[in-house]
Amino acid sequence: MKNFYFNIALPLPIRKTFQYSYSEKIKKGSRVFVPFGSRKLVGIVIEEVKEDKSIETKNIIALLDNLPSFSSKAFECIIWASKYYHHPIGEVFHSFLPNHLRKNNLHKDYAVSNNDYSIIGEKPKLTDEQNNALKIYKNSSDFKVNVINGVTGSGKTEIYLRIIEKNLEEDKSTLLLVPEINLIPQLIKVFSERFGGNIGVYHSKQTPIQKYKTWQASANGNIKIIIGTRSSVMLPFKKIGSIIVDEEHDESYKQNEGFRYSARDLAIKRAQVENVPIILGSATPSITTIDNIAKNKFIELVLKKRFDGSNPPKILLYDSNKTKINNGISEELLELIKETIAQGKQVLIFNNRRGYAPFYQCLECDWIASCNSCETNLVYHEDLKRLVCHRCESKYGIPDNCPSCSKSSLNISGVGTQRIEKYLQEEVKEAQIFRIDYDTTRKKDAIDDLITEINKDKAAILIGTQMLSKGHDFPNVALSIILNIDTLINNPDFNTAEKLSQLMVQVSGRVGRSRNIKDGKVIIQTRYPNDKNLLNLRDGNYMKVAKGIINDRKNLNQPPYTASAIILATSPKKESNIAYLNEARQYFDNLKLETIYGPMPSQVSKLKGRYKHLIYIQFSSRSQLHKEINKFLLISEKWSTLKKVKAMIDIDPNNFY
DNA sequence: AGCACGCCGACT
DNA sequence: GTCGGCGTGCTC
Ligand SMILES: [Zn+2]
Ligand SMILES: [Zn+2]
């Protein structure tokens, strides 16, 4: 009996494949069950090869797919991703399989859901801008990147609906990527008010069966509209029409652990390989995207006007050096809050820190409460009367005396949302107060219930974190106050100016759109009212700020004008990380590159008892990055310092995690 | 990654 | 003497 030989990718942090044999030919992209040492693993067939007699090849135990789990196009994208991100191929394949297919399960058929996608809702008349954008979109159905640069309320979603409609007419599927799970429910609502059929969902909080059902229904074309987070970018499709990436600027598209990929960038690759259009939507496009528009790689479709004709609110800078600050809010702004409430209107307070106070520290020595397993600062939570680690959610009691110098001079410092809530409850007694942060929205539907209550249009104060800037609109807010951004301006790290501008414009775009609020106001409380980027933000024109940031990046040789990478080392010992990274640093120093930082501890320097350190490198071009990282990986393979650490690469990093 | 193998310290 | 701790190296 003739045997066939295959290279198989296994879910291991190893940059190679393993050879196995089988009695039949197997298509690439198929799952197989194989023996590996003393265990058994599910792997992916990469290619048929001729027998390598120098290896004692084992037999494949079972072929698990009748049709390959990865179509030849998805396969091509994953091979590309593994090379682009310099990540072990088996782990890349593994990360795009739903749980059910990661184990040695055969496929099973589930009942077909409602797949009649006839239009049931009423279609609104399109504005000229919308018509124009759609015309450009429709003029070809080959690969192209269309960027919908549309302010909040300009009708981006209606364009998505028309694109889906066009795809359905051609019996094609649409994939809509979103940065966060909690943006999915409202999109499902809008989509199912327009189309009759089932809307597929794919994200990490689903049960394995739910996830597999969507995977299968997408593969056989029963579900033609799919909304999903990152990992849905490699779903199988019977016939895909286009991909939409909503809020493309959102950094949540980048995975920050394991296989560190950008779902937005991978979506662009997928669209290119499938030869279909991709739409990137945002009111605040990323600097990279704006740069690609300037280079004519992407096509910009602008939606400037809000369809209800309302104007975006003005952004004012409030110099907080002027008055006394209590619990994070200046006295003058507190008066303004009181006035607004007295007029029966709503106030929104944005403070990007949850809990009561972000630090608990000693005034005598430099002791500061931190988590034993993460080494991050513990945050005081008033409701729990405990210190909480925001990374691992561990809770600690509150010591009365300093563990370091044993004096009783411990104190909280800094301002979290709970502290502002308590302060305003005392100061503005007549106002109803809603706090919207991770702690108040943990329960399912909690956030939707809160939003429904808030939008009933009564005088109220909303206090919240990032969450306020993503997806939800607050039309009755007449005054927004943005607090606590000075630490960001003071200690800029990755893309601070870009992130901050996007945040400010996103918050301001979501408020004050109801008819009875003519002059919504957004006030940024800052000690740096002369900061260049803040000044540029004042007329709410994001593109103007973006131009400034792009110029800075160009002058400072920062991405996208250079290509960046992080080499990460993880091990139980700090010294092992440092030894390896020092050797790596020396290696790269010899190459005379743009910039090298480190070795330094990662911002999450300790996780599950393992330390993490890194070096950050900027290359003058993408091709130089790939060439040098490949060479480095090959050479460093033999280093003895590597044996004591796990090393990983982060391409296009956007933090030091 | 996960597992076996082996070498060393400590405890019946 | 042997149990178990973890450091090392290998897995087609
Ligand atoms: Zn002390
Ligand atoms: Zn922790």
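Note on naming: letters A, B, ... go to the chains in the order of the sequence lines (proteins, then strands), and numbering restarts at 1 for each one.
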Reckon Leu10(A) touches a base, only the sugar-phosphate, or nothing at all at heavy-atom distances under 4.0 Å?
-> nothing
Indicate, with yes or no, if the rings of Trp215(A) and Phe96(A) have centres closer together than 6.0 Å.
-> no
Asn59(A) atom CG is separated from dT11(C) atom P, nearest whole Å, by 18 Å
Report yes if the distance between the aromatic ring centroids of Phe656(A) and Tyr597(A) is under 6.0 Å, otherwise no.
-> no
Below 4.0 Å: OP1/OP2 of dA1(B) and any side-chain N or O of Lys646(A) | yes
In whole angstroms, how far is the P atom of dA1(B) from the NZ atom of Lys16(A)?
-> 16 Å
Give the rounded distance in Å between these two atoms: CG of Leu41(A) and P of dG2(B).
-> 9 Å
Nucleotide dC12(C), atom P - distance to CD1 of Ile55(A) in whole Å = 10 Å
How about Phe588(A) and Phe632(A): are their ring centroids closer than 6.0 Å?
-> yes
Please report, rounded to the nearest Å, how far the C1' atom of dC10(C) is from the CZ atom of Arg15(A).
-> 18 Å
Report which part of the nucleic acid Tyr20(A) touches: base, sugar-phosphate, or nothing (heavy-atom distance under 4.0 Å, all strands).
-> sugar-phosphate
What integer distance in Å separates Trp639(A):CH2 from dT8(C):P?
-> 18 Å
Indicate the ring-plane relationship of Trp80(A) and Tyr85(A), choosing parallel, tilted or perpendicular according to the 30° and 60° boundaries.
-> perpendicular
note: Glu91(A), atom CD; dT11(C), atom P; distance rounded to Å ~ 19 Å
Determine the contact category for Pro35(A): base if any of its heavy atoms lies under 4.0 Å from a base atom, sugar-phosphate if only primed atoms, P, OP1 or OP2 are that close, otherwise nothing.
-> sugar-phosphate
Report which part of the nucleic acid Lys644(A) touches: base, sugar-phosphate, or nothing (heavy-atom distance under 4.0 Å, all strands).
-> sugar-phosphate
Residue Arg39(A), side-chain atoms from C-beta onward, closest of dC12(C), dT11(C), dG2(B) | dG2(B)
Whether Lys395(A) side chain and Glu393(A) backbone form a donor-acceptor pair below 3.5 Å = yes
Whole Å only: how far is the OH atom of Tyr22(A) from the C1' atom of dC12(C)?
-> 17 Å
Taking only side-chain nitrogens and oxygens of Lys58(A), does any of them come within less than 4.0 Å of OP1 or OP2 of dC12(C)?
-> yes
